[in-house]
Enquirer: 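Structure in structure tokens, see below.
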Amino acid sequence: MSTDTVKRREAIIDQLCEEGSVKVKALSQHFGVSSVTIRNDLSYLEKKGCVLRSYGGAMVNHRFAFDRPLQVKGRMDRDIKTHIAAKAAEFVKDGDYLIIDSGSTTAEIVPLLRDRRDLVVMTNALNIAYELAAFDNVDVMVLGGNVRRNSYSLYGQAAEQQLYHYRFDTLFLGVDGFDLEAGITTPHQGEAHLNRVMCDVAHQIIAVTDGSKFGRKSFCLIREARQIHRLITDSRIPESYRKALTEFGVDVIIVDE
């Protein structure tokens, strides 16, 4: 697959995420390629589960967890994410050892830690590490590895091996897809593997996610839904999810009830 094809398909996904649907004719004119080429692009994205074909175009498949840039994620459901972050911060005590995963919701937790004392925070997110570095009361540890530009995050064997040397009180885990059967998933294999190690070395796993992520699935499993300790989310969580998770022993906290 050529670089131009990859970039065009990524641009089509970005447009789908922002507008909800696309038309073959408009895409053909925008990219300066034939309608046949655009139809091939949409067929490829349909096979990946990203889109649903419609007459003359396609619409976004809302059940698919996309690997969208952090800036785009940060603009979505911002108010809900700040409420989720505020609740998450209540579970941080002075002297805690934390892992803060990359993500738009986990990033909202960081400003709320300014007044905590003697924290040690490990993160794989460059933006989170940068903000934490300004806090005199926080000892910041950054995982090394390869950079994912979409999420400003780091992953790889070096990061995984580094984590295995420590034990943490709490992991704040970001979520791309959350499905009762498929589990907690993410589009990127390397980051999924790192997240699994994070779960292994943390005493408590707190997943933080807005309600748009429920019922979505992606390629790479992080953890089964029943294997987390606490979920902080909003009232868009399906009642069936809430009931099942509670039966699993997961503490489900709804911030807007």
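Owing to the predicted nature of the structure, the values given are computational and were not obtained by experimental measurement. These values consider heavy atoms only, across backbone and side chains, with no hydrogens, waters or symmetry-generated copies. We number each residue from 1, following the sequence as shown.
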Enquirer: So how far is it from I205 CD1 to H203 NE2, rounded to the nearest 0.5 Å?
Expert: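 Those atoms lie 10.5 Å apart.
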Enquirer: Applying side chain to side chain contact (heavy atoms under 4.5 Å, CB included), run through V140 and F135 and close with a yes or a no.
Expert: CA-CA 9 Å; V140 186; F135 298 177; over 6 Å; no
Enquirer: Is the shortest heavy-atom distance from the side chain of N40 to the side chain of T5 under 4.5 Å?
Expert: no
Enquirer: Determine the minimum heavy-atom distance between A202 and L171, stating which atoms define it.
Expert: CB-CB, 3.7 Å
Enquirer: With D41, which residues qualify under salt bridge (charged side-chain N to carboxylate O under 4.0 Å, His left out), at least two apart?
Expert: R8, R9
Enquirer: For Q157, does the CD atom have more than 12 heavy-atom neighbours from other residues, nucleotides or ligands under 6.0 Å away?
Expert: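 For Q157, atom CD is not crowded (no more than 12 foreign heavy atoms under 6.0 Å).
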Enquirer: Short question: side chain of Q162, backbone of G144 - any donor-acceptor pair under 3.5 Å?
Expert: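 Side chain of Q162 to backbone of G144, a donor-acceptor pair under 3.5 Å: yes, one is there.
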Enquirer: Mark yes when over 12 heavy atoms from residues, nucleotides or ligands other than D94 sit less than 6.0 Å from its CG; otherwise mark no.
Expert: yes
Enquirer: Please say yes or no: joined through hydrophobic side-chain contacts below 4.5 Å, possibly via intermediate residues, are V120 and M122 part of one cluster?
Expert: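 Looking at the clustering, M122 is in the same group as V120.
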Enquirer: Does I237 reach the side chain of L245, with side-chain heavy atoms less than 4.5 Å apart?
Expert: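 The answer is yes; the side chains approach within 4.5 Å.
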Enquirer: Do the side chains of I99 and L163 get nearer than 4.5 Å, heavy atoms only?
Expert: yes
Enquirer: Could you see if I12 belongs to whatever hydrophobic cluster contains Y55? Use Ile, Leu, Val, Met, Phe, Trp, Tyr and a side-chain cutoff under 4.5 Å.
Expert: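 Per the 4.5 Å side-chain linkage, I12 and Y55 are not co-clustered.
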Enquirer: If every non-hydrogen atom of G174 is compared with every non-hydrogen atom of T106, which pair is closest and at what distance?
Expert: N-CG2, 3.9 Å
Enquirer: Within this structure, what is the OH-CG distance for the pair Y241 and L231, rounded to the nearest 0.5 Å?
Expert: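 So the gap between those two atoms works out to 11.5 Å.
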Enquirer: What's the shortest heavy-atom distance between A225 and V250, and which atoms?
Expert: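 Heavy atoms of A225 and V250 come nearest at O-CG2, 3.9 Å.
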Enquirer: Do L173 and L180 share a hydrophobic cluster, counting only Ile, Leu, Val, Met, Phe, Trp and Tyr and linking them when any side-chain heavy atoms are less than 4.5 Å apart?
Expert: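 L173 clusters together with L180.
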Enquirer: Rounded to the nearest 0.5 Å, what separates atom OG in S153 from atom CG in N146?
Expert: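 Reported value, rounded in 0.5 Å steps: 10.5 Å.
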Enquirer: Between CD of E108 and CG of D79, what distance do you get to the nearest 0.5 Å?
Expert: 9.5 Å
Enquirer: Does this structure show an ion pair linking R236 with D210, if we count only N-O contacts that are shorter than 4.0 Å?
Expert: yes
Enquirer: Run the side chain to side chain contact (heavy atoms under 4.5 Å, CB included) check on I84 and T209 step by step: do they pass?
Expert: CA-CA 8 Å; I84 292 170; T209 180; 6.0 Å; no
Enquirer: Donor-acceptor pair, T170 side chain versus Q204 backbone, under 3.5 Å?
Expert: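 Absent.
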Enquirer: Mind listing the side-chain donor-acceptor pairs of residues 85-93 below 3.5 Å, one per line with the distance, residues two or more places apart or on another chain?
Expert:
from : atom 1 : to  : atom 2 : distance (Å)
K87  : NZ     : E90 : OE1    : 3.1

Enquirer: Keeping to residues at least two apart or across chains, list the side chain to side chain donor-acceptor pair (under 3.5 Å) pairs with something in residues 246-257.
Expert: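 Only R230-D251, S235-D256, R242-E257 qualify under side chain to side chain donor-acceptor pair (under 3.5 Å).
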Enquirer: Do E131 and P111 come within less than 4.5 Å of each other through their side chains, counting heavy atoms only?
Expert: yes
Enquirer: Counting neighbours of CD on Q227 that are heavy atoms of other residues, nucleotides or ligands and sit closer than 6.0 Å, is the number greater than 12?
Expert: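 Yes, enclosed.
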Enquirer: Can you find a pair of side-chain heavy atoms, one from I232 and one from I206, that are under 4.5 Å apart?
Expert: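 In contact.
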Enquirer: Between V138 and L112, is there shared hydrophobic-cluster membership here, with clusters defined by ILVMFWY side-chain heavy atoms closer than 4.5 Å?
Expert: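 No, no single cluster joins them.
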Enquirer: Looking only at heavy atoms, what is the nearest atom pair of A11 and F31, with distance?
Expert: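 That would be CB-CZ, 3.8 Å.
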Enquirer: Walk me through whether I184 and N195 qualify under side chain to side chain contact (heavy atoms under 4.5 Å, CB included).
Expert: CA-CA 10 Å; I184 301 171; N195 288 153; over 6 Å; no
Enquirer: Does atom CZ of F248 have more than 12 heavy-atom neighbours, drawn from other residues, nucleotides or ligands, at distances under 6.0 Å?
Expert: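 Counting other residues, nucleotides and ligands, CZ of F248 exceeds 12 neighbours.
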Enquirer: Taking the side chain as every heavy atom from C-beta outward, state whether D176 and R216 have any atom pair closer than 4.5 Å.
Expert: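 No; the side chains remain at least 4.5 Å from each other.
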Enquirer: Is it the case that more than 12 heavy atoms not belonging to R226 sit under 6.0 Å from its CZ atom?
Expert: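 No, not enclosed.
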Enquirer: Is there a chain of hydrophobic side chains (I, L, V, M, F, W, Y, each step under 4.5 Å between heavy atoms) that links I228 to V197?
Expert: yes
Enquirer: Below 4.0 angstrom, N of the basic side chain to O of the carboxylate: do D200 and R223 qualify?
Expert: yes
Enquirer: Could you check if a side-chain atom of V121 sits within less than 4.5 angstrom of a side-chain atom of I128, using non-hydrogen atoms only?
Expert: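 No, too far: nothing below the 4.5 Å cut-off.
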Enquirer: Could you report the tightest heavy-atom contact between V142 and A129, atom names first, then the distance?
Expert: CG2-CB, 3.6 Å
Enquirer: Between L132 and L119, is a side chain to side chain contact (heavy atoms under 4.5 Å, CB included) present by the stated rule, with each step listed?
Expert: CA-CA 10 Å; L132 284 171; L119 294 181; over 6 Å; no
Enquirer: For residues 183-193, which residue pairs qualify under salt bridge (Lys or Arg N to Asp or Glu O under 4.0 Å), counting only residues two or more places apart or in two chains?
Expert: R148-E191
Enquirer: Suppose the criterion is salt bridge (Lys or Arg N to Asp or Glu O under 4.0 Å): which pairs have a residue in residues 27-40, not counting sequence neighbours?
Expert: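 For residues 27-40, and leaving out neighbouring residues, there are no salt bridge (Lys or Arg N to Asp or Glu O under 4.0 Å) pairs at all.
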Enquirer: What residue pairs, at least two apart or across chains, pass ring-ring contact (aromatic ring centres under 6.0 Å, His included) with a residue in residues 165-185?
Expert: F178-F214
Enquirer: Working to the nearest 0.5 angstrom, can you tell me the gap between L154 CG and L143 CG?
Expert: 7.5 Å
Enquirer: Could you check whether any side-chain heavy atom of N124 comes within less than 4.5 Å of a side-chain heavy atom of D101, counting everything from C-beta outward?
Expert: yes
Enquirer: Ignoring hydrogens, what is the shortest heavy-atom contact between G211 and D234? Give both atom names and the distance.
Expert: N-OD2, 2.7 Å
Enquirer: Please round to the nearest 0.5 Å and tell me the distance separating atom NZ of K217 and atom CD of E181.
Expert: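 Taking NZ in K217 and CD in E181, the distance rounds to 6.0 Å.
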